[in-house]
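These numbers were taken from a predicted model, which means no experiment stands behind them. The basis for the numbers below is simple: all heavy atoms, side chains too, and nothing from hydrogens, waters or symmetry mates. Naming: A, B, ... by sequence-line order, numbering from 1 per chain.
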Protein chains: 2
Amino acid sequence: MAAPDALAQRLADSGLRSTPQREVIYDVILRKRDHPTADEVYARVRADMPSISLATVYNCLETLVQCDLVRAVNFERAPTRYCPNLHPHAHFHDEQSGSIHDIQLPAELLEKISSVLPAGYDAKSVQITFRGSASSPRLESAERRGKAQPAA
Amino acid sequence: MAAPDALAQRLADSGLRSTPQREVIYDVILRKRDHPTADEVYARVRADMPSISLATVYNCLETLVQCDLVRAVNFERAPTRYCPNLHPHAHFHDEQSGSIHDIQLPAELLEKISSVLPAGYDAKSVQITFRGSASSPRLESAERRGKAQPAA
DNA sequence: GCAACAAATTGGAATGGTTCTAAGTAGCAA
DNA sequence: TTGCTACTTAGAACCATTCCAATTTGTTGC
Ligand SMILES: [Mn+2]
Ligand SMILES: [Mn+2]
Ligand SMILES: [Zn+2]
Ligand SMILES: [Zn+2]
């Protein structure tokens with residue numbers, strides 16, 4: 001047995017197998033670090049593996065989410081999107097273009113946010129979503145300075 | 001013409017009529033200040049108005065949201081819930097009970113949150129959702145002290 | 001290698017909240 | 001009245017997702 005990559009390792013930890021379908025789906029999500037829907041993942045994966053089924057795409061995405069290799073994110077009631085960024089971060093939904101941008105959150109801010117919870121509330125996760133418009137030119141320079149990661 | 005109530009006024013401002021259906025739906029949402037789904041609103045409204053249709057409930061809820069009389073809130077891909085609390089606030093989703101609690105946010109924190117956006121990002125709204133568990137006894141006393149409003 | 005068994009994939013059907021459509025009803029204006 | 005528009009309604013349609021039953025694939029013990 002060869003040295004297992006991160007995916008195979010994480011799957012094995014959960015008693016699951018590394019399959020060609022899971023590998024190509026994980027690759028596709030890591031390659032282009034945007035926030036594709038299951039349909040978009042399906043379309044991209046079919047370039048490499050034309051025989052894969054949409055049901056399998058859904059099954060594999062759920063597996064990857066449960067193994068903490070990918071995050072599922074929802075905006076309103078739109079189709080679920082999948083995010084390869086595992087660090088705690090917020091999302092900015094650009095209503096003009098429909099694109100999603102990751103927004104880094106200082107740990108200090110996360111603490112302040114959690115501290116607004118009254119006694120007795122125990123939050124396992126916090127989700128922060130901005131909605132608005134992002135002007136592209138300034139945006140790109142801000143990203144180049146490392147203030148935010150672009151994500152379609 | 002008699003003095004119009006808040007609902008009639010707001011509808012008139014948008015060039016819309018105050019109908020019995022819109023009135024009863026708005027009343028039902030204000031009466032019990034939880035976060036009902038359209039189906040739950042439908043069930044409650046039928047007590048007063050058995051002939052109302054579910055399509056009308058959806059139509060009226062959308063109207064109320066567009067007139068800024070009610071807020072629509074989404075959790076994952078669960079059915080949309082409707083919130084009568086118009087002040088800026090976060091939501092705590094208790095995974096055990098499925099109940100939603102309003103969490104008040106200090107204006108100071110809202111400013112800090114918006115300040116994490118890089119230049120070029122213009123947010124029209126921010127949505128903050130906690131997920132976890134809330135222990136009922138402590139919760140009630142915290143609420144009595146005014147730290148949070150209960151909401152089913 | 002070969003059974004036996006379990007895990008994973010697959011196509012297609014089903015689900016379910018929401019939206020759409022077309023027909024009917026109700027209120028307002030000339 | 002008559003017309004005009006807004007509103008409501010029942011049921012069909014939509015569509016992302018889940019479910020199902022059948023097949024394929026992989027693993028384990030011999
Ligand atoms: Mn959008
Ligand atoms: Mn829940
Ligand atoms: Zn992300
Ligand atoms: Zn609320």
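- Ranking C/dA8, D/dT8, D/dT9 by closeness to the B/Ile52 side chain, first place goes to D/dT9.
- One can place CD of A/Glu40 at 13 Å from C1' of D/dA16, the figure rounded to the nearest angstrom.
- With sequence neighbours excluded, no residue forms a side-chain contact (heavy atoms from CB on, under 4.5 Å) with B/Glu111.
- The side-chain heavy atoms of B/Ser99 and B/His93, taken from C-beta on, include no pair separated by under 4.5 Å.
- Using a 4.0 Å heavy-atom distance criterion, A/Thr56 is classed as a base contact.
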Under-3.5 Å N/O pairs linking protein and nucleotides 24-30 of chain C:
none

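- Nucleotide C/dA6 holds its P atom 16 Å from the CG atom of A/Leu16, rounded to whole Å.
- Taking 4.0 Å as the cut-off between side-chain N and carboxylate O, A/Arg44 and A/Asp34 count as a salt-bridged pair.
- Between the side chain of A/Arg81 and the backbone N or O of A/Val73 there is no donor-acceptor pair closer than 3.5 Å.
- When the options A/Arg131, A/His35, A/His101 are evaluated for a side-chain hydrogen bond (donor to acceptor under 3.5 Å, both in side chains) with A/His91, the one that passes is A/His35.
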Give me, pair by pair, the N or O atoms of the protein and of nucleotides 15-19 of chain C that are less than 3.5 Å apart, along with how far apart they are.
from	atom 1	to	atom 2	distance (Å)
C/dT18	OP1	B/Thr80	N	2.7
C/dT18	OP1	B/Thr80	OG1	3.0
C/dT18	OP2	B/Tyr58	OH	2.5
C/dT18	O5'	B/Tyr58	OH	3.4

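- Applying the side-chain contact (heavy atoms from CB on, under 4.5 Å) test to B/Glu23 and every residue at least two apart in sequence or in another chain returns B/Leu7, B/Ser18.
- Between C/dT9 and A/Thr19, a contact under 4.0 Å exists linking OP1 or OP2 to a side-chain N or O.
- The interatomic distance linking B/Tyr26 (OH) with D/dC7 (C1') rounds to 20 Å, in whole Å.
- When the side-chain contact (heavy atoms from CB on, under 4.5 Å) test is applied to A/Pro84, the partners found at least two apart in sequence or on another chain are A/Ile29, A/Leu30, A/Arg33.
- Stacking of B/Arg22 on the aromatic ring of B/Tyr26 is not recorded, the 6.0 Å distance cut-off and the 45° axial limit not both being met.
- Take B/Leu110 and apply the side-chain contact (heavy atoms from CB on, under 4.5 Å) test, not counting sequence neighbours, and it matches B/Pro88, B/Leu105.
- Projected onto DNA chain C by closest heavy-atom contact, A/Tyr42 and A/Arg22 fall at different nucleotides, the more 5' of which corresponds to A/Arg22.
- OP1 and OP2 of D/dT25 both lie 4.0 Å or more from every side-chain N or O belonging to A/Gln21.
- Residue B/Ser53 has no polar side-chain atom (N or O) positioned under 4.0 Å from OP1 or OP2 of D/dT8.
- The distance from atom CD of B/Gln66 to atom C1' of D/dC7 is 15 Å, rounded to the nearest whole Å.
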